[in-house]
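Side chains included, hydrogens not; waters and symmetry mates left out as well; all remaining heavy atoms used. So that the names make sense, note that chain A is the first sequence line, chain B the second, and so on, each numbered from 1.
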Amino acid sequence: MKLNSLVQWFLKQRASLPWRPEDPHAKRDPYAVWISEVMLQQTQVETVKKHYIAWLKDFPTVYDLAQADEENVLLHWQGLGYYSRAKNLHKAAKILIEKYNGDFPKNRSEIEALPGIGKYTAGAILSMARHESEPILDGNLIRIFSRLHLWNFLPTSKPEQDIYWDEARTWSQGKNAYIINEALMEMGRTLCKPQNPLCPNCPLQQECKATSENCSSQYPPRKKSIQETWHGVIVIIESADGKIFSVQEEDTPFLKGQRGLPLFEFSKAHGKGFPGKAERWITPESIEEYHWCGAIKHAITKYKIECQVLYIRSKDKSKKSSHWVARANIKQAFANSLNLKALHKALED
DNA sequence: AAGTCGGGGAT
DNA sequence: ATCCCAGACTT
């Protein structure tokens, strides 16, 4: 039976990870499952480890998370990307306490209604924390199913999604869904990889059509990705008393709604002159001096960003507003990699 | 159904 | 360089 060989492979092979209890059959803390699963969304296991450990140390329970400042929550997310995940964790923690007495609600539909929790994460919580027979579907399972059945499509349209989720449901029907689900993910991560899959080691090789036809690496079909290059200017304004200017706006080119450095598109090769667009944040009369610090490169989703870093020193002292950030608070206030690269370029060169 | 959202690891 | 990662949400 294919389930047996998969489970046996997993129990023998099972890697030690910070969010895994020693006992593979133990019911897990739903809060810990939730945090780890959200961190793991579109993020590799190795990247998550350190963040997960630090998070659980500082926010060991849903109550600690709900009481934390959003700035502190975002600081813990620094480097993970997709920052709405952190904001949604914070929001959902408050909802869990106010509406559900600090625990997850009973029904799947209620869990999926929480901000940042979709079908995958709800299934992971229900199966791994509560040992319910609920399916999950992530990139690993999509790849495995595509290869097992030679499905030459991704779950894009609704009918295609139904096909994949129905398959996931059949795998999770038994009483050990908690271990089947995790075994499939681990198998996809370590053996059934996108490139160079290790089919000879696979516990499912007997039933896998792609293995028998020796075409695993052709499945699933690649999704088309279009990359764009984006040129801009990122602005560092320092007040006379040494604080850095920040903005928090919804219509920024990237990292919308997050506190950050002023940023604007600037496609023309700029001269040495002062770009008028920067006057949105500082009047020319207030400028003590400015200079170009060179370029930084950064990637955000499909965009390859190339930014000139513009440093401006103001004649004025900082106002008492949330715009101005002391040097000591830079990491908290500019909790994303794009801004930290620019600040490093301007202030530490 | 398609677009958007970060950053890093692996090749 | 390119792909893709234990996806969710908005348009």
Side-chain angles (χ1 to χ4, degrees), chain A residues 15 17-20 28 32-52 74 77-89 91-92 111-125 127-129 135-144 153-161 164-165 168 178 180-190 192-197 217 220-230 250 252-258 260 296-305 334-341:
Chain A
L17 297 173
W19 48 89
R20 282 185 180 167
R28 300 199 200 168
V33 172
W34 174 41
I35 300 303
S36 63
E37 293 306 330
V38 172
M39 283 188 176
L40 286 160
Q41 290 169 9
Q42 298 296 290
T43 309
Q44 297 181 174
V45 165
E46 278 307 311
T47 308
V48 166
K49 285 181 180 174
K50 284 181 185 170
H51 287 88
Y52 175 84
L74 286 172
W77 210 261
Q78 212 290 313
L80 281 177
Y82 288 139
Y83 294 93
S84 64
R85 292 186 293 175
K87 295 180 181 176
N88 284 334
L89 281 174
K91 275 189 210 167
I111 297 177
E112 288 182 14
L114 292 163
I117 300 187
K119 294 188 68 175
Y120 165 77
T121 305
I125 292 170
S127 62
M128 292 198 265
I136 60 167
L137 182 68
D138 75 333
N140 290 306
L141 274 71
I142 290 168
R143 198 166 52 250
I144 291 170
F153 56 90
L154 292 166
T156 305
S157 68
K158 183 65 167 66
E160 292 166 335
Q161 291 170 21
Y164 274 91
W165 276 100
Y178 64 94
I180 297 287
N181 285 345
E182 200 173 22
L184 284 169
M185 291 193 284
E186 179 113 328
M187 205 274 278
R189 180 170 71 88
T190 61
C192 198
K193 302 180 291 179
Q195 292 118 357
N196 308 99
S217 53
R222 305 231 190 274
K223 41 191 152 189
K224 54 191 171 193
S225 68
I226 304 144
Q227 296 218 3
E228 290 182 31
T229 302
W230 189 92
E250 284 303 327
T252 55
F254 300 100
L255 303 165
K256 298 184 199 310
Q258 293 180 45
I296 57 168
K297 292 184 179 180
H298 190 69
I300 293 181
T301 62
K302 67 175 186 177
Y303 297 98
K304 289 195 299 182
I305 300 171
F334 303 101
N336 65 77
S337 296
L338 172 63
N339 285 340
L340 293 180
K341 280 183 189 175

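Between A:His298 and B:dG7 there is a side-chain N or O to OP1 or OP2 distance below 4.0 Å. Dashed line: the shortest gap from a side-chain N or O of A:Lys302 to OP1 or OP2 of B:dT4 is under 4.0 Å.
Here A:Thr47 lies in heavy-atom contact (under 4.0 Å) with sugar-phosphate atoms only. Looking at heavy-atom distances under 4.0 Å, A:Ile136 makes no contact with the nucleic acid at all. Here A:Tyr83 lies in heavy-atom contact (under 4.0 Å) with sugar-phosphate atoms only. Within 4.0 Å (heavy atoms only), A:Asn181 reaches no atom of the nucleic acid at all.
Looking at residues two or more places apart in sequence or on another chain, you find a ring-ring contact (aromatic ring centres under 6.0 Å, His included) between A:Phe254 and A:Trp230, A:Tyr303.
A:Trp19 is listed as a side-chain neighbour of A:Leu40, based on a closest heavy-atom distance under 4.5 Å.
Atom pair A:Gln161:CD and B:dA1:P shows a separation of 7 Å (rounding to whole Å applied). The distance between atom CG of A:Leu80 and atom P of B:dG9, rounded to the nearest whole Å, is 11 Å. For the pair A:Ile226 CD1 and C:dC4 P, the interatomic distance rounds to 14 Å; values are reported in whole Å. Rounded to an integer number of Å, the gap from NZ of A:Lys256 to C1' of B:dC5 is 10 Å. The distance between atom CE of A:Met39 and atom C1' of C:dC5, rounded to the nearest whole Å, is 16 Å.
B:dG6 and C:dT11 have their P atoms separated by 15 Å, with the value rounded to a whole Å. Distance noted for atom P between B:dT11 and C:dA6: 13 Å (whole Å).
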(request) Assign a letter to each nucleotide of nucleotides 6-11 of chain C from its 5' end: B, base within under 4.0 Å of a protein heavy atom; S, sugar-phosphate only; -, no contact. (result) BBSS--
Protein-nucleotides 1-3 of chain C N/O pairs closer than 3.5 Å?
from	atom 1	to	atom 2	distance (Å)
C:dC3	OP2	A:Ser225	OG	2.9

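Picking from B:dT11, B:dG7, B:dC5 the nucleotide with the shortest atom distance to the side chain of A:Thr301 gives B:dC5.
For A:Lys50, the NZ atom sits in a loose shell: 12 or fewer heavy atoms of surrounding residues, nucleotides or ligands are nearer than 6.0 Å.
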